[in-house]
Amino acid sequence: MKIFAISDLHLAFSENIDKPMDKFGEGWENHAERLKAAWEEMISDGDLVLIPGDISWGLRLEEAVADFDWLHSLPGTKIISKGNHDLWWGRITYLNSLYDDIVFLQNECYVPDCSGIVVVASRGWPYPGSEEYTEHDEKIYARELQRLRLGLEAAKAKAPESRIIACLHYPPSDPGGRQTGFTDLLEEYGVWKCIYGHLHGFPAFGRGIKGELRGVQYQLVALDYLGAKPKLIYDSTDEPREKE
């Protein structure tokens with residue numbers, strides 16, 4: 001089994017939504033068509049695709065269904081978590097009743113069929129000291145930290161020996177690796193990899209943490225950063241080499 005990641009799909013297949021992304025510049029021309037071609041070439045039904053936020057421009061669930069149907073038509077199991085533009089997000093139990101190959105992840109963990117991996121998620125949020133953060137963000141910041149902790153606690157309870165992949169929408173830290181509530185939690189629970197999106201275009205790509213810091217590997221997986229090609233972040237066939 002392989003695990004891929006790509007965020008910020010910004011889909012708009014509903015006839016009620018007019019949100020062409022090509023006006024946002026390089027990297028967004030025909031992005032859905034390019035993503036589908038790359039997805040079908042790279043990903044198989046037995047694989048997992050992590051999508052940390054900003055999936056659909058739909059304001060209500062009924063406007064986002066066309067985008068979920070499009071994802072449903074693609075191979076693999078999709079793990080979706082919330083982004084700042086996912087205004088359609090509603091009751092998690094109902095969302096998880098809609099598709100057999102799409103998991104909406106919040107306050108919980110997901111344990112794939114493959115041994116040794118567990119996935120958690122939080123939307124994340126601007127952190128104290130970042131450019132976006134204001135006093136009005138304090139409550140949401142604290143709530144998203146709690147959501148992440150709930151997922152991490154679930155991961156430790158259900159898969160205590162597994163490596164943890166954390167999906168955030170917002171970057172959890174800056175390029176210098178400033179300690180934030182998010183990085184503190186990732187380190188406390190021994191997270192293996194943290195993927196995130198939200199950052200688009202130059203110079204924004206450079207505003208998030210990347211590489212390994214204090215035992216956690218950080219990767220930006222925004223669609224335009226990846227050139228609309230899902231990024232391979234785990235391959236079970238590599239396990240024997242990792243253990244040698």
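In this chain, residues are counted from 1 in sequence order.
- Grouping the Ile, Leu, Val, Met, Phe, Trp and Tyr side chains by contacts below 4.5 angstrom, directly or via other members, places Ile17 apart from Leu87.
- Both Ile140 and Tyr196 belong to a single network of hydrophobic side chains, linked directly or stepwise wherever heavy atoms of I, L, V, M, F, W or Y lie under 4.5 Å apart.
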side-chain contact (heavy atoms from CB on, under 4.5 Å) for Gln179 and Asp184? Distances and angles first, verdict last. CA-CA 7 Å; Gln179 284 190 278; Asp184 287 347; 3.4 Å; yes
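- Between the side chain of Asp54 and the backbone N or O of Asn84, at least one donor-acceptor pair lies under 3.5 Å.
- Residues Leu152 and Val191 are in side-chain contact: their nearest non-hydrogen atoms beyond the backbone lie under 4.5 Å apart.
- Separating the CG atom in Leu145 from the OH atom in Tyr141 is a distance of 5.0 Å, to the nearest 0.5 Å.
- Leu50 and Pro52 make their closest contact through O-CD, 3.5 Å (heavy atoms, listed as atom of the first residue, atom of the second, distance).
- The shortest non-hydrogen separation linking Asp67 to Ala12 is OD1-N, 3.4 Å.
- With hydrogens and angles disregarded, a donor-acceptor distance shorter than 3.5 Å links the side chain of Ser236 to the backbone of Met1.
- Without hydrogens or angle criteria, Ser122 side chain to Leu168 main chain gives no donor-acceptor distance under 3.5 Å.
- Between Ala155 and Val120, the shortest heavy-atom contact is CB-CG1, 3.9 Å.
- With sequence neighbours excluded, no residue satisfies ring-ring contact (aromatic ring centres under 6.0 Å, His included) with Tyr189.
- For His31, the ring-ring contact (aromatic ring centres under 6.0 Å, His included) criterion is met by Trp28, not counting sequence neighbours.
- Of the charged side-chain nitrogens involved, at least one lies within less than 4.0 Å of a carboxylate oxygen, so that Arg178 and Asp174 count as a salt-bridged pair.
- Listed here is the closest heavy atom pair of Leu186 and Ala166: CD2-CB, 3.7 Å.
- In this structure the side chain of Trp57 reaches within 4.5 angstrom of the side chain of Met21, judged on heavy atoms.
- No chain of hydrophobic side-chain contacts below 4.5 Å, direct or via other Ile, Leu, Val, Met, Phe, Trp or Tyr residues, connects Tyr110 to Leu150.
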For residues 68-76, tabulate all N or O donor-acceptor pairs below 3.5 Å that involve a side-chain atom, not counting sequence neighbours.
| unit_1 | atom_1 | unit_2 | atom_2 | d |
| --- | --- | --- | --- | --- |
| Asp69 | OD1 | Tyr99 | OH | 2.6 |
| His72 | ND1 | Asp101 | OD1 | 2.7 |
| His72 | ND1 | Asp101 | OD2 | 3.2 |
| Ser73 | OG | Trp70 | O | 2.6 |

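- Atom CD1 of residue Ile51 and atom CZ of residue Phe104 lie 9.5 Å apart, to the nearest 0.5 angstrom.
- When all heavy atoms are compared, the tightest approach of Val111 to Ile117 is CG1-O, 4.0 Å.
- Here Leu105 contributes atom CG and Ile92 contributes atom CD1; the two are 7.0 Å apart, rounded to the nearest 0.5 Å.
- Without hydrogens or angle criteria, Tyr127 side chain to Thr183 main chain gives no donor-acceptor distance under 3.5 Å.
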Exercise for the section: Show your reasoning for whether side-chain contact (heavy atoms from CB on, under 4.5 Å) applies to His85 and His10. Expected result: CA-CA 9 Å; His85 288 297; His10 289 293; 3.7 Å; yes
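- Heavy-atom contacts from other residues, nucleotides or ligands closer than 6.0 Å to CZ of Phe205 number more than 12.
- Note on residues 30-47: no pairs pass salt bridge (charged side-chain N to carboxylate O under 4.0 Å, His left out), not counting sequence neighbours.
- With sequence neighbours excluded, no residue forms a salt bridge (charged side-chain N to carboxylate O under 4.0 Å, His left out) with Asp137.
- Legend: residues meeting side-chain hydrogen bond (donor to acceptor under 3.5 Å, both in side chains) with Trp89, ordered by chain and number and at least two apart, are Gln106.
- Between Tyr133 atom OH and Trp125 atom CH2 the span is 11.5 Å, to the nearest 0.5 Å.
- The closest donor-acceptor contact from the side chain of Ser44 to the backbone of Gly46 lies at 3.5 Å or more, if one exists at all.
- Residue Leu95 is tested with Val103, Ile80, Ile102, Leu61 for a side-chain contact (heavy atoms from CB on, under 4.5 Å); the sole match is Leu61.
- In this structure, Thr180 contributes its side chain and Pro172 its backbone to a donor-acceptor pair below 3.5 Å.
- Without hydrogens or angle criteria, Glu29 side chain to Gly27 main chain gives a donor-acceptor distance under 3.5 Å.
- Between atom NZ of residue Lys156 and atom CD1 of residue Ile164 there is a gap of 4.5 Å, rounded to the nearest 0.5 Å.
- Within a 6.0 Å sphere centred on CD of Glu188, other residues, nucleotides and ligands contribute more than 12 heavy atoms.
- Residues passing the side-chain hydrogen bond (donor to acceptor under 3.5 Å, both in side chains) test with Asn107 are Arg147, sequence neighbours excluded.
- Remark: Glu138 CD is loosely packed, at most 12 non-hydrogen atoms of other residues, nucleotides or ligands lying under 6.0 Å away.
- Glu187 meets the salt bridge (charged side-chain N to carboxylate O under 4.0 Å, His left out) test with Arg214; sequence neighbours excluded.
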Please set out all donor-acceptor pairs under 3.5 angstrom arising from side-chain atoms of residues 226-233, sequence neighbours excluded.
none

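- Sorted by first and then second residue, the pairs that involve residues 103-128 and meet salt bridge (charged side-chain N to carboxylate O under 4.0 Å, His left out), not counting sequence neighbours, are Glu108-Lys158, Arg123-Glu144.
- Put simply, CD1 on Ile195 and SG on Cys167 are 4.0 Å apart, with the number rounded to the nearest 0.5 Å.
- Listed by chain and number, the residues in a ring-ring contact (aromatic ring centres under 6.0 Å, His included) with His198 are His169, Tyr170 (sequence neighbours excluded).
- Not counting sequence neighbours, the partners of Glu62 by the salt bridge (charged side-chain N to carboxylate O under 4.0 Å, His left out) test are Arg60.
- Shortest non-hydrogen contact noted between Asp86 and Ser56 is OD1-N, 3.4 Å.
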